[in-house]
Amino acid sequence: MKRHCSSVLKQFLCPEPFCGSVICKHLFQTSSAMAWRSHGEDNKSMVESLFTNNIIKSVEVKNVMKQVDRGHYVRNCNSAYMDAPQVIGYNITISAPHMHAHALELLKDQLKPGMRALDVGSG
């Protein structure tokens, strides 16, 4: 029994020599096009940056995100177009734009023209 558990566990271990952890930095790939580098000077340029960095993958999501200006929802207009969570008051934040983009990409095939989506966080 112990031998079986051991072989099952091995498939989840990091393959990097001398690491052997179940979760470690070697299991996650990073690149220079990470989501939090998708900033802009205004809503349009932020959305274009998310699209260029392949966070937004479809033209439909790109067009929808251009219609909703993030600057209308944040307290600090100077950082409204940073791809990071922003305080909106009452100790509450609005998610980073890449999170909204990702959610819309997942929902785009279920949403039809004229429908609306409300992105409510739970973290």
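Numbering of residues begins at 1 and proceeds along the displayed sequence.
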Compare all side-chain heavy atoms of [X] with those of [Y] and state whether any distance is below 4.5 angstrom.
X      : Y      : answer
Glu48  : Lys62  : yes
His102 : Ile55  : no
Arg70  : Ile94  : yes
Tyr81  : Val47  : no
Ser95  : His100 : yes

Which atom pair, heavy atoms only, marks the closest approach of [X] to [Y]?
X      : Y      : value
Ala80  : Gly71  : CB-CA, 3.8 Å
Pro97  : Ala84  : CD-N, 3.8 Å
Ala117 : Leu111 : CB-CD1, 4.0 Å

So if you build clusters from Ile, Leu, Val, Met, Phe, Trp, Tyr with side-chain heavy-atom gaps below 4.5 Å, do [X] and [Y] land together?
X      : Y      : result
Met65  : Val59  : no
Tyr90  : Val74  : yes
Met99  : Met82  : no
Val68  : Met46  : no
Leu107 : Met115 : yes

Practice prompt. Dump the intermediate steps for side chain to side chain contact (heavy atoms under 4.5 Å, CB included) on Ser58 and Glu105, then the final yes or no.
Written response: CA-CA 7 Å; Ser58 65; Glu105 286 291 343; 3.1 Å; yes
Worksheet item: Step by step, would you call Leu50 with His98 a side chain to side chain contact (heavy atoms under 4.5 Å, CB included)?
Response: CA-CA 7 Å; Leu50 288 163; His98 74 268; 3.9 Å; yes
Worksheet item: Can you tell me how far the NE2 atom of His72 sits from the SG atom of Cys77, to the nearest 0.5 Å?
Response: 9.5 Å
Worksheet, complete the sentence: In this structure, CD1 of Ile56 is separated from OG of Ser38 (nearest 0.5 Å) by 8.5 Å
Worksheet item: Would a distance-only check, ignoring hydrogens and angles, find a side-chain to backbone donor-acceptor pair under 3.5 Å from Gln86 to Asn76?
Response: no
Worksheet item: Lys66 side chain to Asn63 main-chain N or O, any donor-acceptor pair under 3.5 Å?
Response: no
Discussion item. Tell me whether the count of non-hydrogen atoms from other residues, nucleotides or ligands lying under 6.0 Å of CD in Gln110 goes above 12.
Written reply: yes
